Protein chains: 2
Amino acid sequence: MATIKDVARLANVSVSTVSRVINQSGYVGKEFYDRVVWAMKELNYQPNAIARGLVSRKTATIGLIVPDVANPFFSDVARGVEDEAIANGYTVILCNTDWNLQREQMYVNLLQGKWVEGIVLVGSRTPEHELVGLLNGLPIILADRKPTHLKSGVWTDNEGGAYLATKHLIEMGCRKIAHISGPEDSPSATARRAGFRQAIEEQVGVYGTVAQGDFRYDGGYEAAIQLLSAEDVPDGIFAANDVMAIAVVQAANRKGIRIPEDVKLVGYDNIPMSEYVYPSITTVEQRGYDMGRMASKILIAQLDGRDDVSLTKEFEPTLLVRHSTRLDTP
Amino acid sequence: MATIKDVARLANVSVSTVSRVINQSGYVGKEFYDRVVWAMKELNYQPNAIARGLVSRKTATIGLIVPDVANPFFSDVARGVEDEAIANGYTVILCNTDWNLQREQMYVNLLQGKWVEGIVLVGSRTPEHELVGLLNGLPIILADRKPTHLKSGVWTDNEGGAYLATKHLIEMGCRKIAHISGPEDSPSATARRAGFRQAIEEQVGVYGTVAQGDFRYDGGYEAAIQLLSAEDVPDGIFAANDVMAIAVVQAANRKGIRIPEDVKLVGYDNIPMSEYVYPSITTVEQRGYDMGRMASKILIAQLDGRDDVSLTKEFEPTLLVRHSTRLDTP
DNA sequence: TCTGGATGTGGTAACGTTTTCACAGCAGGT
DNA sequence: ACCTGCTGTGAAAACGTTACCACATCCAGA
């Protein structure tokens, strides 16, 4: 790789001049400017971001920590984060934690060593005060989780969304409703449980149970099989995300239980698959792409020292009614 | 952040000694060693990967260029790449090109500036010789594309897979078969077209047409609508990937055409969705995760100077027969 | 004529590491 | 006694940039 010195030598100018041309800073005469531009082309010169980062203390890189990019919701978020980042000249380092706290912490440390300028942390379960301790003041934004102590974050109103979903099941006539939850200590899972309970409790004559899931297909499948094997099968299931809802559909098929005739089903996230499965799944829309994009935008605004952007953004959940809760068309 | 100089001062030794302790290189007396370790603890010292990278010319970072992480096949690949990378101490920079050649080239340049040690390039359409020109010798591995000039790559036998798929349609009784193809200049799309044509040509009495798609939902939907609106509707469709196959299912629903009764359908990739849609889609399995993982493994072996790993790996495609080509259970 | 700002240019010290070199002691073998 | 090689330490030169300072011009205004 050609360096700035090579360019300077070829253009017969000093490195300072080349640097000024690159950064459009200071004064450069037309003649010199052209010579430098020519030399850069000639050598296919690419400024070294490492060296640049060392002196400017900026790397134009942000970290993205996500439970699992292979999960459609998170891959949407990731896409949003990257799109907004690159549009602002930032680059994204991708990290997968599998919802594992230790991996999360490991990545936070690792990213710090790489001098990322900030981190987008999606769907984290680590307590916020621990996070602060790890960060040494590195800017961070939570996504898919409402911050209580940190100042920036984007999230949907999970409690409200879960309330909507459960309420809808009740309105469709369900009286024995089960919730397949996410991991015990996941903030979004906790909020969804709370929304579920609230809707159940304010309605007399409706009974609710909570089964433990883990946001993943296998955990959802297992929970569903247990629910559907009990002597009193629920007539409505609210799964804490669409991946688990799809597992419920498969489990019901296996058990010979019909959806929506025997059991009605609502999911959460609105991943593309939820629309195309049979029956299509009623779900709560999350707008992962927009959330990712907004998280990136807020973080970068902070990094660039702009304060024209609000540090938080709550997305309103909306219920999408589809066939898993309707009796008319299949 | 504390620097190596701070540590040296506190431990009352030279920076050289601290460096030797950090890297376990050279000789360090026990007494000095202990003092340095103590000082590092005291200051919560974290070596600066940037400065280290500048001199060692190693960043422990690889670039991952993918058409679109939000596409389930590529998010699987991405997950595989990251898993193998982190297991070897490497970190991954994520880039999305939307199959756009210019963005691909832009990213290759950008990544070079960031001094990634190598690149995993997935589903690229850029001609290989152009690639070589851009790379300045930077190690690269192609994924989802068989290299002709470059030495490393992982891919599935796309021609063979497409042949399998088409052959299956013929065996199921189709005589007028349409192929919804990927972008004109995409190598994998080209190979799948070739496999399709070969299967068609070796069978007398079977007619084939090719419709132009773009690997995306919308393009597939449009192509499907056109095919299904013509006066002679095909009795079999082979879509070049599952995302477009799902679009075909939706288009058929819209048109009141039944799958598999009126038209049989085969996709490609085996993304999770293909199993759960209605009807479930017969498809050719690609093993995106394994491909990503292997690509990462081969690249890193090269970077670490190991040559115990083959530079190429062809994955055998397998046909998964599901309901979109069967008449028995829906 | 002098002053002083705007315009151009080059030299060089940082940034935080690793690596190479130089210099010492101290053994052990001749 | 002398060389030789191992052990232990520090000084200083890289790595590729940017930022700051110093020095030249040139031209306008007093």
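Small disclaimer: the values here were computed from a predicted structure and weren't measured. Below, chain A is the first sequence line, B the second, and so on; all start at residue 1.
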S.K.: Rounded to whole Å, how long is the line connecting atom CZ of Arg35(A) with atom C1' of dT9(C)?
M.R.: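 Result: 11 Å.
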S.K.: Between atom CE in Met40(A) and atom P in dT17(D), what is the gap in whole Å?
M.R.: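 Going from Met40(A) (CE) to dT17(D) (P), I get 11 Å.
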S.K.: Of all heavy-atom pairs between Asp76(B) and Ala70(A), which one has the smallest distance, and what is that distance?
M.R.: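 Residues Asp76(B) and Ala70(A), closest heavy atoms: OD1-CB, 3.6 Å.
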S.K.: Side-chain contact, heavy-atom cut-off 4.5 Å: Ile62(A) with Leu303(A)?
M.R.: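 In contact.
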S.K.: Give the rounded distance in Å between these two atoms: NZ of Lys58(B) and C1' of dT19(C).
M.R.: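 Distance, rounded to whole Å: 15 Å.
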S.K.: Taking the six-membered ring of Phe315(A) as reference, does the cationic atom of Lys313(A) (NZ for Lys, CZ for Arg) lie under 6.0 Å from its centre and within 45° of its axis?
M.R.: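 Verdict for Phe315(A): a cation-pi partner in Lys313(A).
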S.K.: Ignoring hydrogens and angles, state whether a donor on the side chain of Thr59(B) or Lys114(B) is under 3.5 Å from an acceptor on the partner side chain.
M.R.: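 No, Lys114(B) and Thr59(B) have no side-chain donor paired with an acceptor closer than 3.5 Å.
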S.K.: Could you check how far CZ of Phe32(B) sits from C1' of dT7(D), rounded to whole Å?
M.R.: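 It works out to 13 Å between those atoms.
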S.K.: Could you verify whether a donor N or O on one side chain and an acceptor N or O on the other, from Thr156(A) and Glu314(A), lie under 3.5 Å apart?
M.R.: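 Distance-only check fails for Thr156(A) and Glu314(A).
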S.K.: Taking only residues two or more places apart in sequence, or in another chain, which ones meet Asn48(A) in a side chain to side chain contact (heavy atoms under 4.5 Å, CB included)?
M.R.: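 Here the qualifying residues are Ile50(A), Ala51(A), Leu54(B), Trp115(B).
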S.K.: Identify the pairs formed between an N or O of the protein and an N or O of nucleotides 11-17 of chain C at a distance under 3.5 Å, and give each distance.
M.R.:
| unit_1 | atom_1 | unit_2 | atom_2 | d |
| --- | --- | --- | --- | --- |
| dG11(C) | N7 | Ser16(A) | OG | 2.9 |
| dG11(C) | O6 | Ser16(A) | OG | 2.8 |
| dC15(C) | O3' | Arg57(A) | NH2 | 3.4 |
| dG16(C) | OP1 | Arg57(A) | NH2 | 2.4 |
| dT17(C) | OP1 | Tyr45(B) | OH | 3.0 |
| dT17(C) | OP1 | Asn48(B) | N | 3.2 |
| dT17(C) | OP2 | Ile4(B) | N | 2.6 |
| dT17(C) | O5' | Tyr45(B) | OH | 3.3 |

S.K.: Tell me, do Trp155(B) and Thr312(B) make a side-chain contact under 4.5 Å, heavy atoms counted?
M.R.: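 The answer is yes; the side chains approach within 4.5 Å.
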S.K.: Taking five pairs at each end, how big is the angle between the two axes of the helix from dT1(C)-dA30(D) to dT30(C)-dA1(D), to 10°?
M.R.: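 Result, rounded to 10 degrees: 60°.
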S.K.: Nearest-Å distance, OH (Tyr33(B)) to P (dT9(D))?
M.R.: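 So the OH-P distance, Tyr33(B) to dT9(D), works out to 13 Å.
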S.K.: Below the 4.0 Å mark, does dG8(D) have OP1 or OP2 next to a side-chain nitrogen or oxygen of Tyr27(B)?
M.R.: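 No.
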S.K.: What integer distance in Å separates Lys114(B):NZ from dG16(D):P?
M.R.: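 Computing the Lys114(B):NZ to dG16(D):P distance gives 18 Å.
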S.K.: Classify the side-chain pair Asn100(A)/Tyr107(A) by whether it contains a donor and acceptor separated by less than 3.5 Å.
M.R.: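 Tyr107(A) and Asn100(A) do not have a side-chain donor-acceptor pair below 3.5 Å.
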